[in-house]
Amino acid sequence: MHFIPIAIRGPLFMVLSTGSYVVNDTMMKLATVGLPPYEVLLLRGTAATLWASRCCFRWATPGRSR
């Protein structure tokens, strides 16, 4: 992230987070056409937990240089 100027990082992250929200909301609406809403929420939560735990364990590995 050091190659992106500090003045651009904040707005860039805001645009990326808004875009990810739009994509997530669209996928949820498409998924609820064929599945019950609570099942879609359960599947999304499970996928997010697996993804986040993988990222946390990867970045929290002892002895790894950052």
Side-chain angles (χ1 to χ4, degrees):
M1 279 293 150
H2 296 292
F3 56 88
I4 299 174
I6 292 175
I8 296 175
R9 282 185 206 169
L12 176 66
F13 287 140
M14 290 296 291
V15 169
L16 290 175
S17 65
T18 303
S20 67
Y21 175 79
V22 169
V23 169
N24 183 27
D25 190 49
T26 303
M27 295 297 168
M28 288 288 292
K29 288 179 181 179
L30 290 173
T32 55
V33 170
L35 293 172
Y38 290 113
E39 187 174 349
V40 173
L41 287 172
L42 175 75
L43 293 172
R44 182 186 72 171
T46 303
T49 301
L50 292 173
W51 180 80
S53 62
R54 181 178 181 267
C55 289
C56 288
F57 285 127
R58 179 178 176 208
W59 289 325
T61 304
R64 179 186 162 125
S65 62
R66 295 176 190 230

Reported OG1-to-OH distance for the pair T26 and Y21, which is rounded to 0.5 angstrom: 9.5 Å
Answer yes if M28 and Y38 sit in the same cluster of Ile, Leu, Val, Met, Phe, Trp and Tyr residues linked by side chain heavy atoms under 4.5 Å apart, and no otherwise. yes
To the nearest 0.5 Å, what is the distance between CG (L41) and CG (L35)? 11.0 Å
Quick check: is L16 connected to V22 through a chain of hydrophobic side chains (ILVMFWY, heavy atoms under 4.5 Å apart)? no
Test question: given the 4.5 Å side-chain rule for I, L, V, M, F, W and Y, name all other residues clustered with V33, or answer none. none
Taking every non-hydrogen atom, the tightest pair across A7 and P11: O-CD, 3.6 Å
Linking I/L/V/M/F/W/Y whenever any side-chain heavy atoms sit under 4.5 Å apart, do F3 and L12 land together? yes
Sequence neighbours excluded - salt bridge (charged side-chain N to carboxylate O under 4.0 Å, His left out) pairs with any residue from residues 29-39: D25-K29
With rounding to the nearest 0.5 angstrom, report the CE to OG1 distance, M27 to T32. 12.5 Å
Given the rule that I, L, V, M, F, W and Y join up when any side-chain heavy atoms are under 4.5 Å apart, are F13 and I8 in one cluster? yes
Residue pair I4 / R9: nearest heavy atoms and the distance that separates them: O-NE, 3.1 Å
For L50, what residues pass the side-chain contact (heavy atoms from CB on, under 4.5 Å) criterion, not counting sequence neighbours? T46
